[in-house]
Structures are given as C-alpha cells and as structure tokens.
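Proteins get letters first, then strands, A, B, ... in listed order; numbering begins at 1 in each.
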Amino acid sequence: MNVAVRTLKRKKAAADPADLLAWYDRHRRVLPWRARGRAKADPYAVWLSEIMLQQTTVKTVGPYYAKFLTRWPTVGALAAAPLDDVLRAWAGLGYYARARNLHACAKAVVERHGGIFPRELEALRALPGIGEYTAAAVGSIAFDLPAVPVDGNVERVVTRLFAIEEAMPAAKPEIKRLAASLLPPHRSGDFAQALMDLGATICSPKKPACALCPWSEPCIARARGDQETFPRKAPKREGKQRYGAAFVALRADGCVLLRQRPEKGLLGAMTEVPGSDWAHDFDLSTALDAAPRFRGKLQWRKLGGTVTHVFTHFPLRLTVYKAELPRGTPAPKGARWAKVSGLAGEALPTLMRKVLAHALE
DNA sequence: TAGCCGTGGCG
DNA sequence: TCGCCAAGGCT
C-alpha cells in the first residue's frame with residue numbers, strides 16, 4: 001500500500017485534532033481579543049469578549065469590545081465603575097443581564113480573587129454570568145486548561161462529523177462527550193478557537209464549504225451528503241403577538257420624559273419612555289389609562305402607524321402617543337426629563353429608540 | 001427543564 | 001419579507 005492510500009485510510013478512520021490545528025495555523029481569523037503570535041492571551045480580554053459574544057456576532061461585538069477595553073482596561077477598572085455607566089456603554093448590544101453580570105463578575109474577581117482571574121474551571125464557573133461554556137472558553141484560551149467549550153459552532157461541527165441523529169437540545173451531553181474525545185494533549189486553547197473558526201467560516205449552517213474543510217474525510221454527514229440537516233432540531237412553537245402603548249412626552253425646552261424599567265426581567269434596569277403593559281389582548285380604547293399623569297389636563301395625540309419589534313419569544317406592536325408640555329413642567333413620580341440631544345448616551349434599548357424615532361421624526 | 005432574555009444580518 | 005440564527009446563562 002502506498003503512502004497516499006494509507007493517509008486516506010487513516011483520515012477516514014477518525015477525525016484527527018492535528019489536522020484541525022494545522023488548518024487553524026494557516027487560516028485562523030485575526031480578532032481584536034485574540035493574542036498575536038506567541039503572545040499570551042489576556043484573561044480579562046478573553047473573558048470580556050466571551051461575554052459579549054454570547055449569542056452575538058463578531059461584527060456586532062467589535063466596536064463594543066473596543067469601547068469597553070479603552071474605557072476600562074483592567075478588570076479592576078471595570079469593577080470600580082458605576083453599574084449605570086456599564087449599562088449605558090452596553091446599550092444596543094442586547095441581553096442586558098449580561099451587562100449586569102459582567103459588572104458583578106468584575107467585582108467578584110476583585111473581591112474573591114484579588115483582581116486576578118482564577119485558573120480553575122470550578123472557580124470560573126462560580127462567577128456571575130459564567131456558565132459551563134464560558135468557563136471552558138476562558139479556561140482553555142487564557143490558561144490552556146484541558147476543556148472544550150461547546151457552543152453553537154461546535155455543536156454543528158460535531159453533530160455533522162458524527163452524524164448525530166438525536167435532536168437538540170437532548171443531544172448536548174453526547175456532543176460534549178464526543179467533543180472532549182477529540183481534545184489534543186496540548187494547545188487546548190487553540191483547539192477551542194479552531195473549532196469555533198471552523199464552525200464560523202467553513203462548517204456554516206447553510207452551504208458549508210466542505211471542500212475546504214480539514215475534517216472533510218472523516219465527516220460522516222458529508223459522506224452521506226446531508227450535512228446541512230445537522231444539527232437536528234425539534235420544531236418549536238412561536239410566541240404570540242403582544243400589543244401595548246408608549247407615551248412620548250415632550251417639554252418645550254427640548255426634553256423628553258423617561259423612566260427606568262424594573263431591575264429584573266425583560267429589558268431589566270434599562271431606560272424607557274412610559275408605557276402600558278404588553279398583552280395579547282391589549283385594548284387600545286383604554287390605552288390612555290397608562291399615560292403618565294401631569295397636573296391639569298393634557299392632549300395625547302395618537303401617532304399614525306405603529307412601532308414593531310420582535311423579541312426572542314414574542315413579537316410586539318406598540319401604538320405611540322405624543323404630547324407637548326410647557327417649560328417648567330415637573331416630571332411625574334418615578335420619571336425624569338432628559339434632553340433629546342443627549343439621548344445617544346442613555347441606556348435605551350433598540351425598541352425604545354424605535355419609539356422615539358417614530359415620535360420625533 | 002424549558003422558558004425567558006435583544007439585536008442585527010442574511011438568504 | 002421573514003424565519004433563522006449568532007462564541008449562552010439563569011431560574
């Protein structure tokens with residue numbers, strides 16, 4: 001048997017982590033939080049990027065990451081910042097519990113570990129906002145601990161490689177087991193990033209570039225030609241449409257009325273304009289019951305059109321009302337006046353920016 | 001454990 | 001257009 005045939009047979013037998021690492025050495029992406037050459041990765045930078053990258057694309061994260069690292073270069077600096085500053089800097093990035101946990105985690109690193117990220121998976125896992133995935137990611141990338149972070153990319157790569165028929169999320173334990181079985185004895189950080197790069201650039205959800213894949217030969221789904229059908233997913237039901245009203249109160253001196261949402265839950269602790277609850281059976285004829293109260297009577301004008309927004313678990317349609325008030329009007333309890341010219345610096349989620357844009361255009 | 005929690009891009 | 005999906009964690 002000649003060398004070429006032997007090589008082919010070996011590759012078909014099983015996926016070789018060395019092949020993936022060789023591919024990574026040639027094709028890895030250049031990313032701001034990634035160490036260059038032999039430089040060691042900064043645990044703070046790795047952690048910050050991993051939190052931001054949870055369910056969020058590299059492109060979206062880029063400017064936020066740069067802004068945070070410039071403003072708070074160390075975990076100690078971030079821990080010392082007011083939570084409100086962190087929330088404002090995070091506004092627009094979504095999943096705001098991440099920002100609250102980011103701040104809590106920075107403080108915990110300072111208080112529990114003297115401002116140094118711990119080098120053990122269990123200690124990392126115990127920090128706010130760090131789950132099994134992020135502990136493995138920070139542990140392997142920053143400290144080269146033998147762990148494999150299993151995210152959506154790795155799930156896709158592994159389910160295709162082994163043609164796992166079980167549907168998500170039930171298949172997760174099996175995926176973790178198989179991913180761990182691939183872990184090489186050295187370079188676990190590079191291996192983790194290689195798996196994610198492969199999933200992001202080659203083993204994509206649709207139209208994977210199998211011809212360029214270092215694991216094309218051992219990939220069972222590829223051999224069968226149904227690689228795009230992995231990972232298998234159980235059909236999910238969609239959330240029901242909800243409705244509500246929002247109130248944009250403008251004062252003659254160029255201020256708009258804002259308030260803060262409750263600490264927990266949907267858009268927790270973020271800023272909003274006053275509004276009604278959001279319900280499936282919202283009755284528009286009673287919308288003004290939810291309007292902020294001022295002394296004297298006030299004309300709320302219903303604007304044409306609506307503002308729509310789709311959350312993970314339900315679509316929302318808001319009717320917007322607008323009113324104009326004279327200078328000197330005090331804000332109702334629980335609300336405050338904010339300069340329209342300064343709205344960019346407020347902790348306003350995208351939904352509320354849509355509402356304000358609708359009312360101010 | 002399954003539902004909750006944002007946003008932007010893409011086919 | 002619209003459903004899917006992206007480096008998940010918490011409860």
Side-chain angles (χ1 to χ4, degrees), chain A residues 28-29 31-34 41 45-65 87 90-102 104-105 124-142 147-157 167-170 172-173 176 179 189 191-201 203-207 228 231 233-242 261-270 272 278 308-316 347-354:
Chain A
R28 70 177 185 172
R29 292 176 291 173
L31 300 172
W33 44 86
R34 209 169 252 183
V46 172
W47 163 74
L48 179 62
S49 70
E50 287 299 337
I51 301 299
M52 288 185 166
L53 286 163
Q54 288 168 4
Q55 301 289 288
T56 309
T57 59
V58 166
K59 185 180 177 187
T60 301
V61 164
Y64 285 89
Y65 174 81
L87 288 178
W90 192 278
L93 198 51
Y95 282 127
Y96 298 100
R98 290 187 299 172
R100 301 193 295 275
N101 283 330
L102 185 84
C105 183
L124 287 167
R125 177 68 182 80
L127 291 165
I130 297 188
E132 190 176 355
Y133 163 80
T134 306
V138 173
S140 62
I141 297 170
V148 184
V150 178
D151 68 341
N153 287 310
V154 179
E155 285 172 359
R156 194 166 55 251
V157 169
M168 299 298 295
K172 286 195 174 191
K176 285 175 193 165
F191 182 71
Q193 295 179 92
L195 275 176
M196 293 191 266
D197 274 20
L198 188 71
T201 66
C203 197
S204 47
K206 291 176 182 172
K207 308 254 180 180
E228 268 195 62
K233 300 202 176 181
K236 59 177 174 186
R237 59 166 111 156
E238 62 183 62
K240 271 175 63 177
Q241 176 79 49
R242 298 188 201 182
R261 293 181 60 84
E263 288 290 329
K264 301 206 168 186
L266 183 66
L267 304 175
M270 298 297 286
E272 67 173 3
W278 305 333
T308 61
H309 192 73
V310 180
F311 291 104
T312 314
H313 49 301
F314 68 90
L316 175 66
L348 289 162
T350 296
L351 165 64
M352 290 301 152
R353 295 190 186 275
K354 287 184 191 174

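Counting any heavy atom pair closer than 4.0 Å across all strands shown, A:I51 reaches no nucleic acid atom. Residue contacts for A:W33: at a heavy-atom cut-off of 4.0 Å it reaches a base atom on one of the strands shown. Residue A:G268 is classed as having no contact, given no heavy-atom separation below 4.0 Å to the nucleic acid. Within the 4.0 angstrom heavy-atom criterion, no nucleotide atom of any strand lies near A:V61. Across all strands, A:G199 comes closer than 4.0 Å to no nucleic acid atom at all (heavy-atom distances). Using a 4.0 Å heavy-atom distance criterion, A:Q193 is classed as making no nucleic acid contact. Nucleic acid contact for A:S49: none, since no nucleic acid atom lies under 4.0 Å from a heavy atom of the residue. Here A:I141 lies out of heavy-atom contact (under 4.0 Å) with every strand. Counting non-hydrogen atoms under 4.0 angstrom, A:R353 reaches nothing in the nucleic acid.
When the side-chain nitrogen and oxygen atoms of A:Y95 are compared with OP1 and OP2 of C:dC10, none of them lie within a distance under 4.0 Å. For A:H309, a side-chain nitrogen or oxygen approaches OP1 or OP2 of B:dT7 to under 4.0 Å. Distances shorter than 4.0 Å separate none of the side-chain N or O atoms of A:R98 from OP1 or OP2 on C:dC10. In terms of phosphate contacts, A:T57 brings no side-chain nitrogen or oxygen within less than 4.0 Å of OP1 or OP2 of C:dC5.
Each of A:R34 and A:K264 was assigned the nucleotide of DNA chain C with the nearest heavy atom; the assignment lying further toward the 5' end belongs to A:R34. Residues A:K206 and A:T134 each lie close to DNA chain C; by heavy-atom proximity, the contact nearer the 5' end of the strand is made by A:K206. Along DNA chain B, the nucleotide nearest A:K59 and the nucleotide nearest A:L266 are compared for position; the residue whose nucleotide lies closer to the 5' end is A:L266.
A distance of about 16 Å separates the P atoms of B:dG3 and C:dC4, rounded to the whole Å. Of the P atoms belonging to B:dG8 and C:dG9, the separation is 22 Å, rounded to the nearest Å.
We find that CE of A:M52 is positioned 15 Å from P of B:dG8, with the value rounded to whole Å. One interatomic measurement links the two molecules: OH of A:Y65 to C1' of C:dA6, which rounds to 19 Å at whole-angstrom precision. Put simply, CG on A:N101 is 19 Å from P on B:dC4, counting in whole angstrom units. Between the CD atom of A:Q54 and the C1' atom of B:dT7 there is a distance of 15 Å, rounded to whole Å. Protein atom NZ of A:K172 is 9 Å distant from nucleotide atom P of C:dG8, rounded to whole Å. A:R242 has its CZ atom 13 Å from the P atom of B:dG3, to the nearest Å. At whole-Å resolution of the value, CG in A:D151 and C1' in C:dG8 are 9 Å apart. At whole-Å resolution of the value, CG in A:L316 and P in B:dC5 are 12 Å apart.
The main-chain N or O of A:A91 is found under 3.5 Å from a side-chain atom of A:Y64 such that the two form a donor-acceptor pair.
In the set C:dC10, B:dG6, B:dT7, B:dG6 carries the atom at the smallest distance from any side-chain atom of A:Q55. Side-chain proximity of A:T60 to B:dG8, C:dA6, B:dG6: nearest is B:dG8.
Using a cut-off of 4.0 Å between Lys/Arg side-chain N and Asp/Glu carboxylate O, A:R28 and A:D197 are scored as not salt-bridged. A salt bridge between A:R125 and A:E132 is absent, with no side-chain N of the basic residue lying under 4.0 Å from a carboxylate O of the acidic one.
To the nearest 0.5 Å, atoms CG (A:L266) and CH2 (A:W278) are separated by 5.0 Å. Of the inter-residue distances, the one linking A:E228 atom CD with A:S204 atom OG reads 7.5 Å to the nearest 0.5 angstrom.
The aromatic rings of A:F311 and A:H309 lie perpendicular to each other, with more than 60° between the two planes, well past the 30° mark.
Side-chain contact check for A:T56 and A:R98: at least one donor-acceptor pair (N or O, by modelled atom type) lies under 3.5 Å.
Judged by distance alone, with hydrogens and angles left aside, A:Y133 brings no side-chain donor or acceptor close enough to the base of C:dG8 to form a pair under 3.5 Å. Between the base of B:dG6 and the side chain of A:T56 there is a donor-acceptor pair shorter than 3.5 Å.
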